[in-house]
Amino acid sequence: MFHNNQLNIYSTINSGQYFLWENRQNIWYGIYEDTVLKISPILDNNRIRYEYDSFPKIEDWEQSVFRLDDNYDQIINEISKKDLTIEKITKQYRGLRIMRQKPIQCIISFLCSSNNNIPRIRLMLRNLSRVFGKTIEWKGDTFHTFPTLAGISSASQAELLQCGLGYRAVYIQNTVKSILNQDVDMKIIEKANYTESKLELMKLCGVGEKIADCILLFSLDKLDAFPIDTWIVKLLQEYLNNILVASPDVKINSKLSPNQYKVISKKIRDHYGKYSGYAQQFLYYSIRERNGRKW
DNA sequence: CGCCAGGGATCTT
DNA sequence: AAGATCCATGGC
């Protein structure tokens with residue numbers, strides 16, 4: 001695949017953090033709310049480099065979306081020191097990065113993620129965009145932008161069900177309503193620290209500990225957030241348990257109660273420190289690779 | 001057919 | 001505070 005030390009486009013896009021990307025004729029297209037992002041690999045002197053474009057035009061969007069302002073070398077260096085597992089897989093999957101999404105799109109996306117698999121999450125979000133987003137024509141290609149809150153709020157429950165959302169349709173309707181009414185304050189969500197922002201996020205219907213952590217990490221610059229999903233739990237049961245959760249008071253069940261989540265989350269975040277989120281993304285990617293992900 | 005998927009809300013013990 | 005159940009849906 002095409003990559004370098006600082007950014008592996010392929011693994012970063014296919015690591016279950018940002019669902020609205022697709023590859024057409026070896027070119028990547030991403031939906032960034034109202035904007036279509038484009039990444040073209042260019043063969044240049046026997047090396048691959050990338051050309052970034054977008055419509056409507058956003059100058060240097062890749063700096064923000066791929067977080068190129070993070071000091072990647074230092075982050076990898078920092079988390080590598082924490083244990084041998086993470087040292088190994090940061091080497092192995094070097095170039096994997098966290099992306100920075102738009103908060104609203106990220107909230108809706110991870111509302112769709114509950115008890116679900118990634119191909120279906122993608123399908124649901126594409127359906128939502130096709131039905132309630134704006135159609136964009138760009139150089140002969142057709143795209144659908146991500147719907148606005150107003151756009152989604154105008155949808156009937158039947159229409160949402162037709163997008164394949166299932167029981168999550170109600171979560172999305174309630175969440176969109178609370179944001180539009182300002183029962184939940186997006187200013188707090190966007191400006192507050194990890195703890196305060198998470199508390200506010202969890203007022204949203206359908207947002208619990210795990211989904212809140214995803215939103216914090218992938219759209220709100222909280223690099224110390226460490227989402228614990230079913231795959232991470234499996235990993236913890238195997239061997240991280242010995243490193244992190246050596247105390248017998250913590251038993252790891254296949255499903256975590258809110259309290260167990262809090263206890264384990266604290267231990268792990270203490271262990272990996274302020275870049276816990278990067279560590280999590282490497283761990284998640286490695287276990288999905290090991291299990292032969294099909295997307 | 002049963003089980004699982006980047007879980008959470010709700011009710012029960 | 002932990003456990004059980006249900007939620008809608010497609011892939012295997």
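All chains are named by letter (A, B, ...) in the order of the sequence lines, taking the proteins before the strands, and each is independently numbered beginning at 1.
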One thing to verify: whether A/Asp229 and A/Lys234 come together as a salt bridge, which I'm taking to mean a side-chain N less than 4.0 angstrom from a carboxylate O. no
Nearest-0.5 Å distance, CG of residue A/Asp34 to CD of residue A/Gln105: 9.5 Å
If I pick the P atom on C/dC12 and the same atom on B/dG6, what distance separates them, to the nearest angstrom? 13 Å
Establish, from distance only, whether the side-chain atoms of A/Tyr275 and A/Asp70 form a donor-acceptor pair under 3.5 Å. no
Which residue lies more 5' along DNA chain B, comparing A/Ile232 with A/Cys205 via nearest heavy atoms: A/Ile232
State, yes or no, whether a side-chain contact exists between A/Met186 and A/Pro103 at a heavy-atom distance under 4.5 Å. yes
Residue pairs meeting ring-ring contact (aromatic ring centres under 6.0 Å, His included), one or both in residues 75-131 of chain A, sequence neighbours left out, come to A/Phe19-A/Phe110, A/Tyr93-A/Tyr285, A/Phe110-A/Phe218
Can you tell me, in whole Å, how much space there is between the P of B/dG8 and that of C/dG10? 23 Å
Applying a 4.0 Å non-hydrogen cut-off, can you work out what A/Phe218 is touching in the nucleic acid: base, sugar-phosphate, or nothing? base
With sugar-phosphate meaning primed atoms plus P, OP1 and OP2, does A/Lys294 contact a base, only sugar-phosphate, or nothing at under 4.0 Å between heavy atoms? nothing
Is there any ring-ring contact (aromatic ring centres under 6.0 Å, His included) pair reaching into residues 170-202 of chain A, and which pairs are they, with sequence neighbours excluded? A/Tyr167-A/Tyr171
B/dA5 and C/dA2, which share atom name C1', separated by this distance in whole Å: 24 Å
Note, A/Glu51 side chain near A/Lys38 side chain (heavy atom, < 4.5 Å): no
Aromatic ring pairing A/Trp61/A/Tyr52, orientation class (parallel under 30°, perpendicular over 60°, tilted between): perpendicular
Using chain A heavy atoms and a threshold of under 4.0 Å, write down where along DNA chain B the contacts begin and end, 5' to 3'. B/dA5 to B/dA9
Nearest 0.5 Å please: distance from the CG atom of A/Leu7 over to the CZ atom of A/Arg67. 13.5 Å
Distance between P atoms of C/dA4 and B/dC3 (Å, rounded): 15 Å
Between A/Tyr72 and A/Leu96, is there a donor-acceptor pair closer than 3.5 Å when you use the side chain of the first and the backbone of the second? yes
Contacts to DNA chain B from residues 152-181 of chain A, heavy-atom cutoff under 4.0 Å, which residues? A/Tyr167, A/Tyr171
For DNA chain C, what residues of residues 99-123 of chain A have any heavy atom nearer than 4.0 Å? A/Asn115, A/Asn117, A/Arg120
To the nearest angstrom, the CG-P distance between A/Asn127 and C/dT9 comes to 12 Å
I'd like to check the side-chain hydrogen bond (donor to acceptor under 3.5 Å, both in side chains) partners of A/Gln280; sequence neighbours left out, ordered by chain and number. none
Pairwise C1' distance for B/dC4 and C/dC6, with rounding to whole Å: 16 Å
Classify A/Gly16 by what it touches in the nucleic acid, base, sugar-phosphate, or nothing, heavy-atom distance under 4.0 Å. base
